[in-house]
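It should be emphasised that the depicted structure is a prediction, and the values quoted were computed from it without experimental measurement.
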There are 2 protein chains.
Amino acid sequence: MELNERKLQILQAIVADFIYSAEPVGSRTISRKYDMGLSPATIRNEMSDLEEMGYLTHPHTSAGRVPSDKAYRLYVDQMMRSSELPDERKMMISRSLNETAAELDRTIEKAARLLSEITNLVSFAITPSSSESRLKYINLLPVDERTVVLMIVSDDGQISNTAVKLGCHYTEENLRIMSRVMTHNFMGKTVSDVLTMDIIETLKNDLSALDRLTGAVVPSFMQTLEKMLDVDLYMDGYTNILSMPEYSDVEKARNFLNLLQQKDHITSVLVNRDNGLIITIGDENSELKDCSLITADYRVNGRLVGKLGVIGPTRMRYSEISSVIKYMTDNISKTFEITGDSTE
Amino acid sequence: MELNERKLQILQAIVADFIYSAEPVGSRTISRKYDMGLSPATIRNEMSDLEEMGYLTHPHTSAGRVPSDKAYRLYVDQMMRSSELPDERKMMISRSLNETAAELDRTIEKAARLLSEITNLVSFAITPSSSESRLKYINLLPVDERTVVLMIVSDDGQISNTAVKLGCHYTEENLRIMSRVMTHNFMGKTVSDVLTMDIIETLKNDLSALDRLTGAVVPSFMQTLEKMLDVDLYMDGYTNILSMPEYSDVEKARNFLNLLQQKDHITSVLVNRDNGLIITIGDENSELKDCSLITADYRVNGRLVGKLGVIGPTRMRYSEISSVIKYMTDNISKTFEITGDSTE
DNA sequence: GTTAGCACTCTTTGCTCTGGAGTGCTAACA
DNA sequence: TGTTAGCACTCCAGAGCAAAGAGTGCTAAC
């Protein structure tokens, strides 16, 4: 059977209607609301065909039709026209995001919040992993008798620090030497490179006199580097799902929320998605079968890539939401593209 | 009317039963389950008295009785016997908390998670404000041409850093001078003290040659100090509320969740609570009238005070939950009481 | 190829009825 | 005088049922 122009039109109308109403769409509704000069009976025939082709389903005999995942896929790929955001919304977004533009983490957090407020969906954002960041300084600073602070500054302006509790005493001179040696050895190398090196071995020659200090600091050093490999996950808008007809059943809502709580899982899903504006629908998500995800990436220093997106029922305003996400990620990329450029 | 021994016994039975069942308790239930040699009729009479005295309420004529806030208060103050945690639970808690004992933030986060898992309630924890911490070092470190890192180390081992984007260039020598001058001027002073000083004025003499750098750094310095005054709030176990009969209505659940999302509000409620193990019930909470809160404080460096607690319906296992919270806060206090003591 | 008409299906809503749980009162009992 | 058995009464929850409404699928006519 062929998917002719008229079938497409009808399918589009059904999808559009269902996205807003969340109710199965009947032939009469389409005939009335979307004036295409066809009687309900004709539309019924077409709907029947569309169902046979797998684009529509039927909750029960006397209910209207509901779009299938396949229908949404078609809608997203061929029928959806990208919607331009109204200027006031653009301005609102830019303003909100630029308020905190100095720090990536806070901007990302803000973006997630804003996104869930605008879309009424659950939003999430991940920060880029710093695996490709290059180390710039390593600094050990005294705190008290037995505690020092290990500070790592990387070339993209990220700073990580950890308190290190030593089992021994130290002198400030020793800290200075060790800072210098470590900086000298690791400067310019990426985080992942350093982690594959035999760090103790590398430092051995220069620091033979400082065995105990080295032994105490290196594990913390490695831990901190490992932490830099991790990505942070922000999520927002959990409560929105309680307003969706799809989750009016508390049991379902709880299951979904519990799934979303598994941050490690969500993170890995996000990290493994392709870059660009990506829309995955229903079954296309290995888990989360009843959901759609829209994500887009943003760039930091033209290199590191984080992601921003939403998750919600397959019944989703794909076009509008894509535009919002795209606008936000572009905005963030612009702000953080080149370090030090966006002086206030 | 007098609240005699028998009335107390009956009330205790009703409270205990309702805490577990969440169903209004009838006279027959009490007579059967809590063998006190009284017929349902007698118990009915006593219940009627208790209702008149304000300890019980009556959803409708033919329903059982439900304890009032006043009853819970009495229960907590006089009838509840403090429950000792089983050893395995104690061990589990200690082990979990000590895994990450190096850093306060992560321990607190872990504690909140653990608490919500154990109690099936919404848990929260706030970190202490650093207002009384004394500054130890102030350090400016170069990142790139126009960016430096401002790092503040305080005597309790906390480290705060901020990236500062300068409008001008700098030399490393200038950074060193400025670090030294700032450290010299502010070392040993508390965060709140420094914030009340006229910082520019204080630095003017020593840094007259570095006007532009000072102008760029001081605002960031103040911002960072202000951030140190803030307390962090962790919450966990949101989804638990969807399992409570009190919130089986999605509408109610949503309202409650929305309330909990207002982190500023929750934070201020927590900060303003007294120290020690505090239980507030229903009406005693200005907002959150249908809820009870249990909180306890923990100490860091014998001085700074953070809090850990739960929020849930007034129907709550007060005794057991208090014990868990108490045990956790004691554990945290012990770990962080004296800096540098808990060497691994 | 399109459409009007109609029988049929299924859900939703409102209504009534019934059983069960529980109270409150009264009168009898110890 | 306190306790208890008995009973009428209340209210809710659930079952069953009818009617209304929305929608389909089929057929026959246009």
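- Here the side chains of L56(A) and L11(A) are in contact, with some heavy-atom distance below 4.5 Å.
- L121(A) is listed as a side-chain neighbour of P313(A), based on a closest heavy-atom distance under 4.5 Å.
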Pairs under 3.5 Å (N/O, protein and nucleotides 28-30 of chain C):
none

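- Less than 4.0 Å separates DNA chain D from no heavy atom of any residue of residues 245-253 of chain A.
- Once rounded to the nearest 0.5 Å, the distance linking CG of L293(A) with NZ of K307(A) reads 11.5 Å.
- The 12-atom threshold is not exceeded at NZ of K252(B), counting heavy atoms of other residues, nucleotides or ligands nearer than 6.0 Å.
- Enclosure of atom CZ in R254(A) by more than 12 non-hydrogen atoms of other residues, nucleotides or ligands within 6.0 angstrom is indicated.
- Under the side chain to side chain contact (heavy atoms under 4.5 Å, CB included) criterion, S62(B) pairs with H60(B), sequence neighbours left out.
- Listed pair S27(A) / dT24(D) meets the phosphate criterion, a side-chain N or O lying under 4.0 Å from OP1 or OP2.
- Side-chain contact between Y55(A) and L3(A) is present, with at least one heavy-atom pair separated by less than 4.5 Å.
- Considering CD of E284(A) and CD1 of I279(A), their distance stands at 9.5 Å, rounded to 0.5 Å.
- With contacts defined as side-chain heavy-atom distances shorter than 4.5 Å, the pair Q262(A)/E287(A) does not qualify.
- Using modelled atom types, one finds no donor on one side chain facing an acceptor on the other under 3.5 Å when comparing T42(B) with R6(B).
- Computed from coordinates, the R28(A) CZ to dG25(D) C1' distance equals 17 Å when rounded to whole Å.
- Of the candidate nucleotides dT24(D), dT3(C), dG23(D), dT24(D) has the atom lying nearest to any side-chain atom of H58(A).
- Atom P of nucleotide dG25(D) and atom CG of L50(A) are separated by 12 Å, given to the nearest angstrom.
- With dT24(D), dG22(C), dA5(D) as the candidates, the nucleotide lying closest to the side chain of T29(B) is dG22(C).
- For dT27(D), the paired nucleotide is dA4(C), the pair qualifying as Watson-Crick or G-U wobble because both relevant distances are below 3.5 Å.
- Summarising the geometry, the separation between CZ on R65(B) and C1' on dG22(C) is reported as 9 Å, rounded to the nearest angstrom.
- Looking at E246(B) and D290(B), their side chains never come closer than 4.5 Å, going by heavy atoms from C-beta outward.
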- Protein proximity profile, nucleotides 7-20 of chain D - base contact B, sugar-phosphate-only contact S, no contact -, cut-off 4.0 Å on heavy atoms: ---BBS--------
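- Taking a 6.0 Å sphere around CE of M92(B), one finds it holds more than 12 heavy atoms contributed by other residues, nucleotides or ligands.
- Contact annotation for A63(A): backbone-only contact, meaning every heavy-atom pair under 4.0 Å involves sugar-phosphate atoms and none involves a base.
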Just distance, no hydrogens or angles: give the donor-acceptor pairs under 3.5 Å from side chains in residues 79-86 of chain A, sequence neighbours left out.
unit_1: S83(A); atom_1: OG; unit_2: S319(A); atom_2: OG; d: 3.3
unit_1: S83(A); atom_1: OG; unit_2: S323(A); atom_2: OG; d: 3.3
unit_1: E84(A); atom_1: OE2; unit_2: K90(A); atom_2: NZ; d: 2.8

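- The aromatic rings of F256(B) and Y247(B) sit parallel, their planes meeting at an angle under 30°, below the 60° perpendicular limit.
- Atom CD in E51(A) sits about 10 Å away from atom P in dT24(D), given to the nearest Å.
- Listed in residue order, the members of residues 6-24 of chain B having a heavy atom less than 4.0 Å from DNA chain D are R6(B).
- Summarising the geometry, the separation between CD1 on I43(A) and P on dG25(D) is reported as 14 Å, rounded to the nearest angstrom.
- Look at CG on N45(A): it is 12 Å from P on dT27(D), rounded to the nearest Å.
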